[in-house]
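Chain letters run A, B, ... following the sequence lines, proteins first and then strands; every chain starts at 1. The shown structure was predicted, so the numbers you read here are calculated from the model rather than taken from an experiment.
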2 protein chains.
Amino acid sequence: MAPQEGTAVFDRHTAVTIAEFDGGSGEKKFRKIFEEAQQTRNGPCPVRDVIARISDKWSLLTILLLGGYGTLRFNEIRHRIGDISQRMLTVTLRHLEEDGLVSRRIYAEVPPRVEYDLTPLGRSLMEQVSLLTEWATLNGTSILDARRSSRRKGR
Amino acid sequence: MAPQEGTAVFDRHTAVTIAEFDGGSGEKKFRKIFEEAQQTRNGPCPVRDVIARISDKWSLLTILLLGGYGTLRFNEIRHRIGDISQRMLTVTLRHLEEDGLVSRRIYAEVPPRVEYDLTPLGRSLMEQVSLLTEWATLNGTSILDARRSSRRKGR
DNA sequence: CAGTATCCGATCCGATACTG
DNA sequence: CAGTATCGGATCGGATACTG
């Protein structure tokens, strides 16, 4: 069980940690995932790209909203989210539409009516995101506690 | 099956979409998830908070890396990610540590040695994130294709 | 109703220089 | 080795005013 890939010599405690980790369920898989997420340096990579696109203040929330309520009009989305500006909702929806995650249907009426919905692709993403969200509701207080106690101890 | 909550009258196509969606697996659950993600307006909410914290360029990638390789030293992380600046790695790791997702062990040696690892909380998050990443590797090309064809069509 | 257009402050993030 | 400190450009995102 010699160290590889330039990792330093382990002390006893670390060795145990690594051993436990290696004994667990498929660390190779996670390594592969990370490596795939790394291809950006040599060319475009979907993982980093997806991360970049959903890493903003409103995308995930919008996807969750459309996932939960189905077809919605512009101002329905706006008011359900509540504290999103008109500009940012427009920008967010355009991005999601460009990526094929949200569909946009315009009805030639006066006053205009525009309906948004998740595409099948968007719905499949929403299912993953909802799992992440469930994790957050379960473990969010742990994070907030850790954050508070870390701040109380200074820095 | 009357419309509720202020939604407009549906045309036939939309009605079908909604019906299919309602007939599916538990849209109420997603509604609940979204509503929980909404509590921020009335007070702090874990979901929006977690979203805000991982919504940056490097957090998810760092979590994936530590998940895949276990204990790593500062420069090991740095070089495996490759294109992260020293400053951003420090900032990212401090945030993750504050939130109790990453542990930091300092060894009183010269030259200094600092080892990072996921905490159990961080590991459980990593498992969710890795699912999201698997989705991205599977569907990333669909997104890139959609984006490209949307850009080709102008705007 | 569903946007656009413009402005501007906040923050993110990289580059660089320095340090225990 | 593993940081900290400082600067400046880029981008994000809110407020406001206007429009088909």
Rounded to the Å, how far apart are [X] [atom1] and [N] [atom2]?
X	N	atom1	atom2	result
B:R105	D:dC1	CZ	C1'	17 Å
B:R113	D:dG3	CZ	P	13 Å
B:L89	C:dC13	CG	P	13 Å
B:D83	C:dC12	CG	C1'	16 Å
A:L93	C:dT4	CG	P	11 Å
A:I84	C:dA2	CD1	P	14 Å
A:L61	D:dC12	CG	P	18 Å
B:I51	D:dC12	CD1	C1'	17 Å

Q | Main-chain N/O of B:S142 paired with B:N139 side-chain donor or acceptor, under 3.5 Å | A | no
Q.
Main chain of B:L101, side chain of B:T119: is a donor-acceptor contact present, judged purely on distance under 3.5 Å?
A. yes
Q. Going by the angle between their ring planes, with limits at 30° and 60°, are A:F34 and B:Y69 parallel, tilted or perpendicular?
A.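 Judged by the thresholds at 30° and 60°, the geometry between A:F34 and B:Y69 is perpendicular.
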Does [X] have a side-chain nitrogen or oxygen under 4.0 Å from the phosphate oxygens OP1 or OP2 of [N]?
X	N	result
A:R94	C:dG3	yes
A:Y116	C:dC1	no
B:K57	D:dT11	no

Q | Pairing partner of C:dG20 (Watson-Crick or G-U wobble, both distances under 3.5 Å) | A |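 Answer to the pairing question: D:dC1, which forms a Watson-Crick or G-U pair with C:dG20.
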Q: Name the pairing partner of D:dG14, where a pair is Watson-Crick or G-U wobble with both distances under 3.5 Å, or state none.
A: C:dC7
Output the single nucleotide from [options] whose closest atom is nearest the side chain of [X].
X	options	answer
B:N75	C:dC1, D:dC1, C:dA15	D:dC1
A:P112	C:dC1, D:dG13, D:dC1	C:dC1
A:R73	C:dT4, C:dC1, C:dC13	C:dC1
A:V114	D:dC1, C:dG14, C:dG3	C:dG3

Q: Begin with the C-alpha distance, continue with both residues' side-chain angles, and end with the deciding distance and a verdict on side-chain hydrogen bond (donor to acceptor under 3.5 Å, both in side chains) for A:T71 and A:D117.
A: CA-CA 5 Å; A:T71 306; A:D117 204 348; 3.0 Å; yes
Q. Rounded to the nearest 0.5 Å, what separation is found between the CG atom of B:L60 and the OG1 atom of B:T133?
A.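 Answer for the CG-OG1 pair, B:L60 versus B:T133, is 7.0 Å.
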Q | Comparing A:D56 and A:Q86 on DNA chain D - which has the more 5′ nearest nucleotide | A | A:D56
(Q) Assuming nearest nucleotide by heavy-atom distance, tell me which of B:F74 and B:R87 is located more 5' along DNA chain D. (A) B:F74
